Peer 1: 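The structure's right below; bear with me while I get my questions together.
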Amino acid sequence: MHKLLLSLLLFVSQVTHATDSPLIGRLASTPVQPFNQQIRTAQSQPWVMDYRQVARRFIGQSIPDAQIQSQPLGSDMVLTITLAGTQGERLYLLTLYRQNRLWLLRHAETGWLCQDEPAYRPFPCPPAPSARR
């Protein structure tokens, strides 16, 4: 497990240094077993055989392929996805593995990068203050 986390951090570090992105601080772990059960239930549907489609369903948003950075790690596939929002940016680190024809989640973490902060954090950004008139 430590080797996997170290490899994830090295991968993310390479991605962030290549684009001068912010630091990766603490991220929040997200339970994956309920979603994996959905995948097993939908095993005859085509989306469960494409790791990008599995990631889109897990996140619950339509994401262009260009926003999904993928890196094989042994028999796993590590995905890094960043989404811009009104109060900052959200980062997803997803580790998927293949079982039979299905892509299942091994681990999922998410973090938020709020405006004027140097690193991602494990909880959402506060709402932006309302503009005074």
Side-chain angles (χ1 to χ4, degrees):
M1 182 66 163
H2 291 293
K3 184 177 179 182
L4 176 63
L5 291 176
L6 179 61
S7 297
L8 279 171
L9 290 175
L10 288 173
F11 171 66
V12 171
S13 175
Q14 290 171 353
V15 170
T16 58
H17 288 308
T19 61
D20 285 333
S21 295
L23 300 172
I24 303 297
R26 289 184 51 218
L27 300 177
S29 290
T30 304
V32 297
Q33 291 311 319
F35 187 74
N36 283 342
Q37 187 56 46
Q38 291 178 25
I39 292 171
R40 287 182 181 99
T41 301
Q43 64 182 319
S44 62
Q45 297 181 20
W47 68 269
V48 300
M49 296 173 226
D50 179 345
Y51 63 86
R52 287 185 169 96
Q53 291 298 328
V54 170
R56 287 181 181 101
R57 293 266 181 144
F58 181 75
I59 293 171
Q61 293 186 19
S62 177
I63 305 162
D65 282 350
Q67 284 185 261
I68 301 174
Q69 301 293 321
S70 59
Q71 177 71 38
L73 180 64
S75 61
D76 290 350
M77 182 66 70
V78 178
L79 305 180
T80 305
I81 302 163
T82 53
L83 302 174
T86 56
Q87 286 129 0
E89 185 175 274
R90 188 156 183 191
L91 170 73
Y92 292 90
L93 292 178
L94 306 178
T95 305
L96 295 96
Y97 66 98
R98 195 130 169 134
Q99 186 177 69
N100 298 322
R101 298 179 346 251
L102 311 177
W103 281 101
L104 299 164
L105 285 162
R106 185 178 308 283
H107 191 74
E109 290 187 306
T110 188
W112 290 261
L113 178 66
C114 304
Q115 293 177 355
D116 301 322
E117 289 191 13
Y120 287 92
R121 63 193 206 164
F123 48 89
C125 302
S130 300
R132 294 185 184 182
R133 295 180 187 210

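Reckoned from all heavy atoms, side chains included, excluding hydrogens, waters and symmetry mates. This is a predicted model, so every value here is computed, not measured.
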Peer 1: When rounded to the nearest 0.5 angstrom, what distance separates CD1 in Ile81 from CZ in Phe58?
Peer 2: 9.5 Å

Peer 1: Do you know which of Gln37, Gln38, Gln43 makes side-chain contact (heavy atoms from CB on, under 4.5 Å) with Thr41?
Peer 2: Gln37

Peer 1: May I have the step-by-step check of side-chain contact (heavy atoms from CB on, under 4.5 Å) for Leu104 and Phe35, ending in yes or no?
Peer 2: CA-CA 8 Å; Leu104 299 164; Phe35 187 74; over 6 Å; no

Peer 1: Supply the atom-to-atom distance Asn100 CG to Met49 CE, rounded to the nearest 0.5 angstrom.
Peer 2: 10.5 Å

Peer 1: If only atom types and distance count, is the side chain of Thr110 paired as donor or acceptor with the main-chain N or O of Leu91 below 3.5 Å?
Peer 2: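 A pair under 3.5 Å: yes.
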
Peer 1: If I take atom CG from residue Leu94 and atom OH from residue Tyr51, how far apart are they, to the nearest 0.5 angstrom?
Peer 2: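 Separation between the atoms: 12.0 Å.
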
Peer 1: Within the 4.5 Å heavy-atom criterion, are Arg52 and Ser70 side-chain neighbours or not?
Peer 2: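 Sidechains of Ser70 and Arg52: in contact.
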
Peer 1: Strictly below 4.0 Å, N to O, side chains only: are Asp65 and Arg56 in salt-bridge contact?
Peer 2: yes

Peer 1: Would you compute the distance between atom CZ of Arg57 and atom CG of Asp50 and round it to the nearest 0.5 angstrom?
Peer 2: 11.0 Å

Peer 1: Say you draw a straight line from CZ of Arg26 to CD of Glu109; how long is it, rounded to the nearest 0.5 Å?
Peer 2: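 It is 10.5 Å, given to the nearest 0.5 Å.
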
Peer 1: Which heavy-atom pair separates Trp112 from Pro122 by the least distance, and what is that distance?
Peer 2: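 Reported closest heavy-atom pair: CZ3-O, 3.4 Å.
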
Peer 1: Can you list the steps and then say if Tyr92 with Leu83 is a side-chain contact (heavy atoms from CB on, under 4.5 Å)?
Peer 2: CA-CA 9 Å; Tyr92 292 90; Leu83 302 174; 3.8 Å; yes

Peer 1: Using modelled atom types only, decide if a donor and an acceptor are shared between the side chain of Gln67 and the backbone of Thr82 within a distance under 3.5 Å.
Peer 2: yes

Peer 1: Please report the interatomic distance CG(Leu102) to CD(Gln45), rounded to the nearest 0.5 Å.
Peer 2: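 With rounding to 0.5 Å, CG (Leu102) is 11.0 Å from CD (Gln45).
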
Peer 1: CZ of Arg40: more than 12 outside heavy atoms within 6.0 angstrom?
Peer 2: yes

Peer 1: Test side-chain contact (heavy atoms from CB on, under 4.5 Å) on Cys114 and Arg121; report intermediate values, then the result.
Peer 2: CA-CA 8 Å; Cys114 304; Arg121 63 193 206 164; 3.3 Å; yes

Peer 1: Working note: Leu96 + Val54, criterion side-chain contact (heavy atoms from CB on, under 4.5 Å); need CA distance, chi angles, decisive distance, verdict.
Peer 2: CA-CA 9 Å; Leu96 295 96; Val54 170; 3.7 Å; yes

Peer 1: Look at the side-chain heavy atoms of Ile, Leu, Val, Met, Phe, Trp and Tyr, link any pair under 4.5 Å apart, and say whether Val32 and Ile63 land in one connected group.
Peer 2: yes

Peer 1: Asp76 and side chain to side chain donor-acceptor pair (under 3.5 Å): which partner among His107, Arg98, Arg106?
Peer 2: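 Of all the options given, the one that passes is Arg106.
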
